[in-house]
Amino acid sequence: MAIAFDAVSPDTFSNANVSSLTTGAWTIAGANRLLLAAMASGAGTPQNPSSCNWQGSGGTALTQIGSTLNIGANGKLSVFRLIAPTAAADTLYGAWGAAQDETILGGVSYTGVDQTTPVGTPVTNTGTLTGGGGDMTVNVPTAVGDLVVAVFFLLDFNGNNPLLTPNGTPAATGRYDVEGSELGFEALQIQEVVATGTTTTVSCAAAPTSGSLSAEWGVIAFVVNAATGGGSPDPVVGRRIWVMP
């Protein structure tokens, strides 16, 4: 069964020193559903997320994919997943252990995903960018045809409205982003790419709108596993199969 992109949440972010965010309503539908959510924050003392729920603060809790990734001394990035989220028009909710200077919450949903083991082992990478920016990258072990999802987070200490652009080969598709003047000091992008080999490099270019970057970044990436199909017809055109009576 083929994996297909379903929907994306509204951009949701704050620079008002908050401890939680709730997205606007967005609709999840289809068969063999998977919801992925990203939570990122920056603060003098950054906090790990305390909860991430579908259908509001009292809704169904998502499961974290791997550990929270530290972005230098002032940022954190976490990714969560939920198998078979309720098909509805509803909200995503995320909370941190304490108020954060800047926060981002976003989600994407897919159909055709394995409902037992929806994602593979996450791979992470971190780094720094200065001046005019550059590429943030991660290498993910893959098989040809795998769908790779990567979540990039950039924390810029100069506040020069960084912009993020999918980059590299094979070409990636950006599904969710908060960037530029939306938040000023932080940017987040969720990308997907279809693997063409045994290792897939997912790359995201970052550049300031004005001035220069003094930024730290991190990425969490993983393979999304397809649901097993119920069988398919013989693919050989013109082939006849005789069954003895």
Main chain of [Y], side chain of [X]: is a donor-acceptor contact present, judged purely on distance under 3.5 Å?
X      : Y      : result
Ser19  : Ala99  : no
Asn32  : Thr111 : no
Thr23  : Leu92  : yes
Thr86  : Ala88  : no
Asn160 : Ser212 : yes
Asn74  : Ala43  : yes
Gln115 : Arg33  : yes

If Ile, Leu, Val, Met, Phe, Trp and Tyr residues are connected whenever their side-chain heavy atoms lie under 4.5 Å apart, and connections chain through other members, are [X] and [Y] in the same group?
X      : Y      : result
Tyr176 : Tyr93  : no
Val151 : Leu36  : yes
Val8   : Leu164 : no
Ile28  : Val113 : no
Ile190 : Ile65  : yes

Which atom of [X] lies closest to which atom of [Y], heavy atoms considered:
X      : Y      : result
Leu213 : Pro162 : CD2-CB, 4.0 Å
Val123 : Pro141 : CG2-CD, 4.0 Å
Val224 : Val149 : CG2-CG2, 3.7 Å
Val140 : Ala221 : CG2-CB, 3.7 Å
Gly184 : Asp156 : O-OD2, 4.5 Å
Gln100 : Pro46  : OE1-CA, 3.4 Å

Side chains of [X] and [Y], heavy atoms from C-beta outward: is any pair under 4.5 Å?
X      : Y      : value
Pro85  : Gln55  : no
Leu147 : Glu192 : yes
Leu82  : Thr60  : yes
Asp146 : Val194 : no
Thr165 : Cys204 : no
Phe157 : Glu216 : yes
Val119 : Phe222 : yes
Leu154 : Leu129 : yes

Measuring from [X]:[atom1] to [Y]:[atom2], what's the distance to the nearest 0.5 Å?
X      : Y      : atom1 : atom2 : value
Glu102 : Leu155 : CD    : CG    : 7.5 Å
Thr126 : Met136 : OG1   : CE    : 12.0 Å
Ile104 : Phe13  : CD1   : CZ    : 8.5 Å
Gln189 : Asp177 : CD    : CG    : 5.0 Å
Ser109 : Trp54  : OG    : CH2   : 7.5 Å
Glu186 : Thr103 : CD    : OG1   : 7.5 Å

**Message:** Just by distance, no angles: are the side chains of Ser203 and Thr137 close enough, under 3.5 Å, to form a donor-acceptor pair?
**Reply:**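 Absent: no donor and acceptor within the cut-off.
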**Prompt:** Does the side chain to side chain contact (heavy atoms under 4.5 Å, CB included) test come out yes or no for Asn70 and Lys76, once each step is laid out?
**Reply:** CA-CA 5 Å; Asn70 293 322; Lys76 286 183 179 288; 2.5 Å; yes
**Prompt:** Checking side chain to side chain donor-acceptor pair (under 3.5 Å) for the pair Asn139/Thr201: CA distance, chi angles, key distance, verdict?
**Reply:** CA-CA 4 Å; Asn139 296 321; Thr201 299; 2.5 Å; yes
**Message:** Testing Ile220, Leu77, Val202, Leu188 one by one against Phe152 for a side chain to side chain contact (heavy atoms under 4.5 Å, CB included), which residue passes?
**Reply:**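 Result for side chain to side chain contact (heavy atoms under 4.5 Å, CB included) with Phe152: Val202.
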**Audit row: Val219, Thr124, side chain to side chain contact (heavy atoms under 4.5 Å, CB included) steps and yes/no** = CA-CA 5 Å; Val219 56; Thr124 63; 6.0 Å; no
**Asked** Step by step, would you call Ser78 with Thr68 a side chain to side chain donor-acceptor pair (under 3.5 Å)?
**Response** CA-CA 5 Å; Ser78 301; Thr68 294; 2.7 Å; yes
**Message:** Let's go through Ser41 and Gln47 carefully: what are the C-alpha distance in whole Å and the side-chain angles of both, what is the deciding distance for side chain to side chain contact (heavy atoms under 4.5 Å, CB included) to 0.1 Å, and is it a yes or a no?
**Reply:** CA-CA 8 Å; Ser41 69; Gln47 299 290 309; 5.7 Å; no
